[in-house]
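Naming: A, B, ... by sequence-line order, numbering from 1 per chain. Note that these values count all heavy atoms, side chains included, but never hydrogens, waters or copies made by symmetry.
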There are 2 protein chains.
Amino acid sequence: MSTRSRRSTEADVVAAQIRASGARATPARIRVLQLLRAAPAALTHHDIEQALGDAMLDRVTLYRVLDWLVESGLAHKNADASRVFRFSLAAPGEHTAHAHFRCDDCGKVYCLDDAPPPPPALPQGFQLARMDVDLRGRCATCAEARA
Amino acid sequence: MSTRSRRSTEADVVAAQIRASGARATPARIRVLQLLRAAPAALTHHDIEQALGDAMLDRVTLYRVLDWLVESGLAHKNADASRVFRFSLAAPGEHTAHAHFRCDDCGKVYCLDDAPPPPPALPQGFQLARMDVDLRGRCATCAEARA
DNA sequence: CAGCACCTGCAACATGGTTGCATGTGCAAC
DNA sequence: GTTGCACATGCAACCATGTTGCAGGTGCTG
Ligand SMILES: [Mn+2]
Ligand SMILES: [Mn+2]
Ligand SMILES: [Zn+2]
Ligand SMILES: [Zn+2]
């Protein structure tokens with residue numbers, strides 16, 4: 001089995017998922033959904049533009065694909081601490097349960113293996129749905145490069 | 001005691017607080033800090049511009065005053081649900097960052113008084129600069145309204 | 001393989017925030 | 001009081017992120 005046919009098979013699966021939601025399986029949607037599936041953490045519009053490389057879409061089209069993903073329930077959209085939207089697969093995400101570290105220099109996001117700290121106590125009657133722990137600073141590589 | 005002298009006294013208190021932090025007590029800083037002290041909830045840059053009225057500052061100066069307030073520990077800065085920064089008075093004597101809870105229903109942001117959890121361990125060589133702990137769910141008021 | 005609903009690309013716009021630089025001023029030293 | 005200068009301000013230009021309107025292209029269904 002060639003690399004090409006394997007890749008095409010994965011795209012077919014994604015395309016089927018899209019059609020199942022009642023929408024058209026366009027290259028833009030297939031590519032973006034594949035990226036979200038492979039992502040270790042929630043991605044920004046910018047992250048995705050970078051990742052698309054050659055298969056670059058128009059900026060606006062990407063915004064619309066992302067909005068469509070959210071509307072159709074395939075992705076979640078959250079504003080991060082620096083007020084940019086991040087998108088992640090709606091499927092029970094593996095990266096909801098741990099903390100993330102983002103390097104201020106290289107921008108890379110690391111999933112921290114350690115269990116996240118327990119949430120602080122909430123006032124009476126508050127219902128916790130989700131906790132995000134976002135650490136920022138310099139990764140080992142960038143820290144060393146500056147030493 | 002006239003209204004004028006009472007107001008001037010309050011400004012003096014604020015000015016003293018500013019000088020205590022080692023910075024210059026300028027009219028811009030005094031006025032903005034007074035507004036934050038009187039505010040019932042976190043204010044946006046825009047809210048403050050409106051409230052300043054006659055005593056309007058340059059847009060950029062206001063951004064810089066707000067950044068200075070945050071850097072000097074006198075205020076908190078958080079992105080609200082619609083990705084706009086909101087500023088609120090820091091609790092006196094509060095040094096470490098604390099966690100925030102945002103209600104998914106009403107959008108209100110609560111500063112949690114408890115100390116934030118300790119950051120999880122980082123891989124060797126990583127340098128931590130900041131930690132954001134963002135909790136989301138339903139606040140007591142909204143939770144009760146749904147019960 | 002034709003038609004149309006829906007998707008895409010481009011240009012223009014909106015908003016919130018930042019940077020560079022010349023000018024003004026709080027305040028500490030005299 | 002006056003003065004000096006580090007720091008604060010104002011202004012113009014810029015940037016980042018996201019949105020809207022519209023003309024033209026395309027996946028899908030029949
Ligand atoms: Mn993760
Ligand atoms: Mn706070
Ligand atoms: Zn790095
Ligand atoms: Zn609420």
**Message:** What I want to check is whether an N or O donor and acceptor connect the side chain of Arg29(B) with the base of dG26(C) at under 3.5 Å.
**Reply:** no
**Request:** Name all residues meeting the ring-ring contact (aromatic ring centres under 6.0 Å, His included) criterion together with Phe85(A); count only those two or more places apart in sequence or in a different chain, and write none if there are none.
**Result:** none
**Prompt:** Between dG18(D), dC22(D), dG17(C), which nucleotide gets closest to the side-chain atoms of His45(A)?
**Reply:** dG18(D)
**Request:** Looking at every strand, decide which applies to Arg19(A) at a 4.0 Å heavy-atom threshold: base, sugar-phosphate, or nothing.
**Result:** sugar-phosphate
**Item:** Val60(A) or Thr26(A), whichever maps to the more 5' nucleotide of DNA chain C
**Value:** Thr26(A)
**Prompt:** How is Arg59(B) classified with respect to the nucleic acid when contacts are heavy atoms under 4.0 Å: base, sugar-phosphate, or nothing?
**Reply:** base
**Prompt:** Any idea which of dG18(D), dC28(D), dG20(C) is nearest the Ala25(A) side chain?
**Reply:** dC28(D)
**Asked** Do any N or O atoms from the side chain of His100(A) and from the backbone of Asp132(A) form a donor-acceptor pair under 3.5 angstrom?
**Response** no
**Prompt:** Can a donor-acceptor pair be found between the side chains of Thr44(A) and Asp47(A) at a distance below 3.5 Å?
**Reply:** yes
**Request:** Look at Thr61(A) and dG9(C) and indicate whether a side-chain polar atom (N or O) is within less than 4.0 Å of OP1 or OP2.
**Result:** yes
**Polar side-chain contact Arg64(B)-dG10(D) base: donor and acceptor under 3.5 Å** = yes
**Nucleotide nearest Arg24(B) when distance is taken to its side chain, options dC7(D), dA11(C), dT17(D)** = dC7(D)
